[in-house]
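Everything on this sheet refers to the single structure shown next.
Numbers for residues simply follow the sequence, beginning at 1.
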Amino acid sequence: MIAFVSGTVAALAPDTAVVEVGGVGIAVRCTPDTLSALRVGRAARLATSLVVREDSLTLYGFADDDERQTFELLQTASGVGPRLAQAVLAVHRPDALRRAVATADEKALTAVPGIGRKGAQKLLLELKDRLGAPVGTATAAPVTAGWRDQLHAALIGLGYATREADEAVAAVTPQAEAAEGTPQVGALLKAALQTLNRAR
């Protein structure tokens, strides 16, 4: 098992980072939130989980060990594969997910693409005794007035032109302003990437 990769970020794509380790470029699938913190040419360390299939070897990357462990625990639930587990983490950080499960918050789980009401109820039952209690006292890291700058910087870091980044930020602004509480950069980045992909 590859527990982590550490090296220089060689390239970034909407769902993948390529990290150069000892002269070898290792492709790592990451959530938008994890990708937003990476910059081409800079050093990075990603906790990883290797998923082996008959026809593929896929390395999933995470900001820290807590995310990786949550990713692996999610897959112990029936019907949850690596893609769905990563989709859950793209919407909820580990502590927010633990809080949602602890409070039986169906709405939080149905916010994840691919999870309906029945799927959310099933997950709440199966994960109840697996994820543990929330660790922190706060919810996901709050992002207030600075979300535009963070989102713009993340898009530039992914290789988009300034004009494209400006347009994508403008496109997701209504979604950010309509969000309850503070908008989450990870979810906004995902939406921004979708608008950019449609425009191309």
Write down the atom of [X], the atom of [Y], and the distance for their closest heavy-atom approach.
| X | Y | answer |
| --- | --- | --- |
| Pro14 | Leu193 | O-CD1, 3.7 Å |
| Ser6 | Val21 | O-CG2, 3.6 Å |
| Thr110 | Ala120 | CG2-CB, 3.8 Å |
| Thr48 | Phe4 | OG1-N, 3.3 Å |
| Ala77 | Leu127 | CB-CD2, 4.2 Å |
| Ala27 | Thr16 | CB-CG2, 4.0 Å |

Treating Ile, Leu, Val, Met, Phe, Trp and Tyr as nodes and any side-chain heavy-atom pair under 4.5 angstrom as an edge, say whether [X] and [Y] lie in one connected cluster.
| X | Y | result |
| --- | --- | --- |
| Val52 | Leu74 | no |
| Val18 | Val28 | no |
| Val112 | Leu125 | no |

Compare all side-chain heavy atoms of [X] with those of [Y] and state whether any distance is below 4.5 angstrom.
| X | Y | result |
| --- | --- | --- |
| Arg39 | Val9 | no |
| Val88 | Thr70 | no |
| Val80 | Glu126 | no |
| Cys30 | Leu46 | yes |
| Val51 | Ser56 | no |
| Leu35 | Pro32 | no |
| Ile2 | Ile26 | no |
| Leu89 | Pro94 | yes |

Could you give the distance from [atom1] ([X]) to [atom2] ([Y]), rounded to the nearest 0.5 Å?
| X | Y | atom1 | atom2 | result |
| --- | --- | --- | --- | --- |
| Leu84 | Leu123 | CG | CG | 7.0 Å |
| Asp65 | Ser49 | CG | OG | 11.5 Å |
| Leu196 | Glu167 | CG | CD | 8.0 Å |
| Leu189 | Thr34 | CG | OG1 | 10.5 Å |
| Arg117 | Glu106 | CZ | CD | 5.5 Å |
| Phe62 | Phe71 | CZ | CZ | 4.0 Å |

Candidate list Arg29, Lys190, Gln86, test side-chain hydrogen bond (donor to acceptor under 3.5 Å, both in side chains), partner Asp15, passing option: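 Only one option passes, and that is Arg29.
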Quick one: does any side-chain atom of [X] pair with a main-chain N or O of [Y] as donor and acceptor, under 3.5 Å?
| X | Y | result |
| --- | --- | --- |
| Gln75 | Ala85 | no |
| Thr173 | Val169 | yes |
| Glu164 | Ala161 | yes |

Looking at Arg83, I'd like to know if its CZ atom is crowded, meaning that more than 12 non-hydrogen atoms belonging to other residues, nucleotides or ligands lie closer than 6.0 Å.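 No, CZ of Arg83 has 12 or fewer neighbouring heavy atoms, counting only those of other groups under 6.0 Å.
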Partners passing side-chain contact (heavy atoms from CB on, under 4.5 Å) against Ala100 (at least two apart in sequence or in another chain):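 So Ala100 forms a side-chain contact (heavy atoms from CB on, under 4.5 Å) with Asp105, Ala108.
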Per the salt bridge (Lys or Arg N to Asp or Glu O under 4.0 Å) rule, which among Asp64, Asp33, Asp66 passes with Arg93?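 Of all the options given, the one that passes is Asp33.
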Salt bridge check, Asp95 against Arg98: does any charged N sit closer than 4.0 Å to a carboxylate O? yes
Test Thr58 against Arg53 for side chain to side chain contact (heavy atoms under 4.5 Å, CB included), laying out the working first. CA-CA 8 Å; Thr58 307; Arg53 294 286 184 265; over 6 Å; no
